[in-house]
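One structure is given here, and the rest of the page talks about it.
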Amino acid sequence: MERYSYGMVGLGVMGRNLLYNIADNGFSIAGFDLDQEKVKELEEGAASGMKVRGTDTLEDFVSALEVPRKIILMVPAGKPVDAVLGNITPLLTEGDIVIDAGNSYFEDTNRRVADLASKKLHFMGMGVSGGEKGARTGPSIMPGGDPEAFKLLQPMLEAIAAKVDNEACTAYMGKGSAGNYVKMVHNGIEYAIMQLISEAYDLLKRGAGLNNDQLYQVFKEWNSGEMNSFLIEITRDIFTQKDTFTDNYLVDQILDKAGAKGTGKWTSEQAMEIGVSIPTIDIAVTSRILSAYKEERVQASEIYSEKEITKPEDTEQFIKEVGDALFLSTLISYAQGLSLLVKASEEYGFEIPLKDVVKIWRGGCIIRSVLLEKFYSAYTQDPNLSNILLDKEISELVKSKIKALRKTAGYAVANGISSLGIQTALGYFDAYTTKSLPVNLIQAQRDYFGAHTYQRIDREGVFHTSWQSSNN
Ligand code: 6PG
């Protein structure tokens, strides 16, 4: 009986596309899904020459694979992963590898790694970014876990991943659940950038009064220079899409309530948990939450009436400043996310290679952008950089845009155009680059009402004062 090198459980669009990508690259692969329709579609949709087989039962699937088995799961995160593991692990043999390619929570991966290890099986968490198209043609792949197990997968992963300068957008992300963690932070940054783009859109639309054709032109120009990125590119194209029900552009017919599946929230929770400041990501999560309060927002807008917006004097100049503000606040969002990875790597012993993270984010994934080239060269010079803002070349870039960020933020505030992402990126920058923050006063207050103690600037030790109350 012919044996297959890889197995895929979960033949939804992502699973099927990733499977075809693997087969396209000359690897044989068997697929399984509880939905037999999907199994049928798999074989029907396979191109000639692909070594692909759909299997009817989990038993057939497992016995069709070469040992050690290398089984990729592409099923929704959470209970479905545990359900598959519950059914499949009794059929596996020592040394087999199960790779979870979904957006699983890293703590779930830790639990599953331990559980499968007790059965002498390997379990790996592997982030995959790039959406349906990326899965088919070349995603960015973030595997973590047992290094020996990773080595067995490496040639296949390098073959199927996106390429930038002939280098594959995949690399070992570290121990344990590092692969899921890196993907989670990728998504947190994705939330922040999407929030910032939406604010730039709002400023251009409501501030400068640009229509969709003009917005298309602006985003087209932005995408052809230093802001070239996947998210700017798709935004450009969104402005050209006509609606099928009306004569309007589709973007104007879409209800302003943003959805979320949870990876952004996890990133924020994690940052709070291990003490990392990532306010632009936090605000992006909470802005989506606020957007869902549509009915209340409508009510409040009536109470407080429409705000009057003063058009910028020089539209060309304004567009340029908004572009620079978007560029810099995006850079600051990456800085926040990457600083979370630095801390998490220490905290959880992941040993995440930051240089490789930014290298493999250059292509295939949702947050790919030319800016990552600069980060890559920064981490190449100093792999232990604790914050990307401390790099010399990056700092020059930041200095060249900071005025535009301040002007844009100021315009938004003065005109009542909500710009939470832009404001927090700037606020983070200002706090991070301030030698003496006013939290000496917070420490005094804490010690005043709760004897929480404080440290001094002129001598070692911990101090408490009996503060004089004016009521005494
Ligand atoms: C990717 C995306 C992908 C997915 C997000 C969307 O990297 O390919 O991040 O993972 O599109 O989960 O997340 P929300 O539904 O939470 O916006």
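Quick note: numbers below take in every heavy atom, side chains included, and nothing from hydrogens, waters or symmetry partners. All ligand and atom numbering here is 1-based and tracks the order in the structure.
Proximity to H186 (heavy-atom distance under 4.0 Å) selects the following atoms of ligand 1: 7 (O). Applying the 4.0 Å criterion to heavy atoms of I366 picks out, from ligand 1, the atoms 1 (C), 2 (C), 7 (O), 8 (O). In summary, the atoms of ligand 1 found under 4.0 Å from a heavy atom of A260, numbered by their order in the structure, are 16 (O). The contact set between ligand 1 and N187, taken as ligand atoms under 4.0 Å from a residue heavy atom, comprises 5 (C), 7 (O), 9 (O), 10 (O), 12 (O).
The protein non-hydrogen atom at the shortest distance from atom 7 (O) of ligand 1 is S129 OG, 2.5 Å. Looking only at protein heavy atoms, the nearest one to atom 8 (O) of ligand 1 is G130 N, 3.0 Å. Here the protein heavy atom with the shortest distance to atom 9 (O) of ligand 1 is E190 OE1, 2.6 Å.
Note that R288 lies in the cation-pi zone of Y191, set by a 6.0 Å cut-off to the ring centre and a 45° limit from the axis.
Listed for the Q214 side chain is a donor-acceptor partner under 3.5 Å among the backbone atoms of N211.
In R288, the part holding a heavy atom less than 4.0 Å from any atom of ligand 1 is the side chain.
A salt bridge links K205 with D252: the distance from a Lys NZ or Arg NE/NH1/NH2 to an Asp or Glu carboxylate oxygen falls below 4.0 Å. At a threshold of 4.0 Å, the pair E346-K343 does not count as salt-bridged, since none of the basic side-chain nitrogens sits closer than that to a carboxylate oxygen. Ion pairing between a basic and an acidic side chain is recognised when a charged N comes within 4.0 Å of a carboxylate O; D96 and K70 show no such pairing. Of the charged side-chain nitrogens involved, none lies within less than 4.0 Å of a carboxylate oxygen, so that K220 and E233 do not count as a salt-bridged pair. Ion pair D24/R136 flagged as a salt bridge, since at least one NZ, NE, NH1 or NH2 atom sits closer than 4.0 Å to an Asp/Glu carboxylate oxygen. For the pair D115 and R111, the salt-bridge criterion is not met [side-chain N within less than 4.0 Å of a carboxylate O].
Checked against a 3.5 angstrom limit, the closest N/O atoms of Y191 and ligand 1 fall inside it. Considering backbone and side-chain N/O of G131, one or more are found under 3.5 Å from N/O of ligand 1.
For K183, the heavy-atom gap to ligand 1 drops under 4.0 angstrom. Taking a 4.0 Å cut-off on heavy atoms, G264 fails to register as neighbouring ligand 1.
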